[in-house]
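Inspection log for the structure reproduced underneath, given as structure tokens.
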Amino acid sequence: MTRPVRLRIAPSPTGAIHLGLARTALFNWAVARRCGGRFVLRIEDTDRERSTAESEAAILEGLSWLGLDWDEGPDLGGPHGPYRQSERIDSHREAAGRLLEAGSAYRCFCTTERLAKLRAGQDARKQTPAYDRRCRDLDPAEAAVRAEDGEPFALRFAVPPGETRVDDLVRGEVVFQNAEVDDWIMVRRDGNPTYNFVVVCDDVAMEISHVVRGEEHLVNTPKQVQLYEALGSEPPRFAHLPLMLGRDKKKLSKRSGDVSLGDYRAKGYPRGAILNFLALQGWALDGETEVFSLERFVEAFRLEDVSKGGAVFDPDKFRWLAGEYLRAEPVGDLVRHCAPFVAGAGQLDPTSQRERAEWLAAVAAGEQERISLYSELPERIAYLFAADDAVVWEPKAEKNARKQGGAVLAEYLDWLRPRLSKGVDAAILRDDTRAWIEERDVGFAALFQPLRCALSGKAGGPDLFDVMEWLGAEACLRRLASGVERLAVVREGER
RNA sequence: GGCCCCUUCGUCUAGUCUGGCCUAGGACACCAGGUUUUCAUCCUGGCGACAGGGGUUCAAAUCCCCUAGGGGUCACCA
């Protein structure tokens, strides 16, 4: 029996978007899009203490930014609303009542103290902690009376005997002995339902056909499958994704470094690179192609092809991929993406960026192959904005320059001065300088290393004549003059 | 500890279902060359893995069993 393909992402609004959540969202979204199904966003805010509206807003914003658009959600509405779990409490109560009626659930009057004691005893005997089912055999009528009288109770699921099979799209069939499953709590004594209960209620109500989530949920699955059966609903297809791991091979967490989507956005990782990298965590296109578009991913993605083993997060590869995307961008896009960082560094405010758009585009294009993240541009081009006497000479650049000495640079400056009276034309200057070097037979390095150091303080960078054009004649001459001076002075340590 | 999952280069992975084309492929990182005015990009090459042990078979990374290791999970959190 086939039913409409419907997938969902169900984040709890208790913090920033974790990379794991982003990948889960991506995989769910991809299946929905590939199959022409629907992608649903549901906010799992049953933990009233930790859930915040800001976090919810941030999650919607983050997913939109990634381009993982949903068809139904708290902001859009839809035929299966509401899409905020806290607003579905009535339907949860109704389901709980039905289960109680049917005998699939029972009232548990055990006090927290008794449970704690029970647990302590089990711990002492090195047994697996589990509820001893004391209230399971209470007469329902009697239990109803006690409840009526105001005695507090929680609602537990009565786990049936036998075994539960989970047919997982990634892992194949996994069998659990029901005897190993605890009579878990569905509704707390304060009346609030728990995760394992509501997630199933809502997935049933929203007609979710595929549940794709992290492997940490695999052990919850038998409970949920049993609940589907008690509710008289067909369970969805499950797919448990391999965990994303930190260097320590443990579940990726804040301890492992930057794990939130926002961290990487803030560092200027291109959107496409983030999606591409996430797709590579547990999946490969053809084993050869590493860089591919979202469209290509959707076209090729199949849950059956997801690998089973955990994936250790590799920041180096992520950064490399970011560079691939950044370098492939048209300059216009590059400038647009770098703009906030350029403004943030106090180099050019938005107005100036508009006024000097052409100049900025040339500069950005000049550095494109040297940066991997948008945030790296400002540092690379800081020398263009620095006061002439505030250009910092990097150690390596100065070392190179000093090795060549300042004599050639001094001669070049004299030759150059009259030629810059009408400004800098990179193309002409480049040819003329080459001729000058050949004529004098001094070698490229003898001029270029001191020259680059004097102009930018850097050991590497874009074409020097482009740099001169960006800097302008005045600044060039001033920097060369002070460079000659500085190179003439032998430093203490070098004597 | 119980239960469950997993195990191919340091890392991400292809190959495993449907044994032979695998003297195990690609990528990141690393190393060495080349191109370049420099740095970077780019190009070429190198390093480097089937966790171990038993079977089955003419043939096993691929099938079966055992062992070891890693991870997840054991809440009136989600």
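The chains referred to below are lettered A, B, ... by the order of the sequence lines, with proteins before strands, and numbering in each begins at 1. Side chains included, hydrogens not; waters and symmetry mates left out as well; all remaining heavy atoms used.
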Exercise for the section: Decide whether a cation-pi geometry holds between Arg107(A) and Phe153(A); the criteria are a distance under 6.0 Å from NZ or CZ to the six-membered ring centre and an angle within 45° of the ring axis. Expected result: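 Judged by the rule (NZ or CZ under 6.0 Å from the ring centre, within 45° of its axis), Arg107(A) counts as positioned above Phe153(A).
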Exercise for the section: Assess Arg23(A) against Phe27(A): is NZ or CZ under 6.0 Å from the centre of the six-membered ring, and within 45 degrees of the ring's axis? Expected result: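 Because its charged atom sits under 6.0 Å from the ring centre and within 45° of the axis, Arg23(A) does stack over Phe27(A).
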Does [X] place a side-chain N or O at less than 4.0 Å from the phosphate oxygens OP1/OP2 of [N]?
| X | N | result |
| --- | --- | --- |
| Thr112(A) | C76(B) | no |
| Lys249(A) | U11(B) | yes |
| Lys251(A) | U73(B) | yes |
| Arg247(A) | U11(B) | no |

Exercise for the section: Could you tell me the separation between the CZ atom of Phe197(A) and the C1' atom of A78(B), rounded to a whole number of Å? Expected result: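 Distance check: Phe197(A) CZ to A78(B) C1' gives 16 Å.
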Handout entry: Euclidean distance, atom NZ of residue Lys250(A) to atom P of G71(B) [Å, nearest integer]
Key =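 Taking atom P of G71(B) as the reference, NZ of Lys250(A) is at 4 Å.
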Practice task
Could you tell me whether the side chain of Arg171(A) has a donor or acceptor atom within less than 3.5 Å of a complementary atom in the base of C5(B)?
Solution key: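 No such pair is found, so the answer is no.
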Practice task
Classify the side chain of Arg327(A) and the base of U41(B) as holding, or not holding, a donor-acceptor pair under 3.5 Å.
Solution key: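 Counting by modelled atom types and ignoring angles, no donor-acceptor contact under 3.5 Å is found here.
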Handout entry: Whole-angstrom distance between C17(B) and U62(B), as gauged at atom C1'
Key =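 So the two C1' atoms sit 10 Å from each other.
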Practice task
Assess the pair Phe277(A) and Phe313(A): is the distance between their ring centroids shorter than 6.0 Å?
Solution key: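 Centroid separation for Phe277(A) and Phe313(A): below 6.0 Å.
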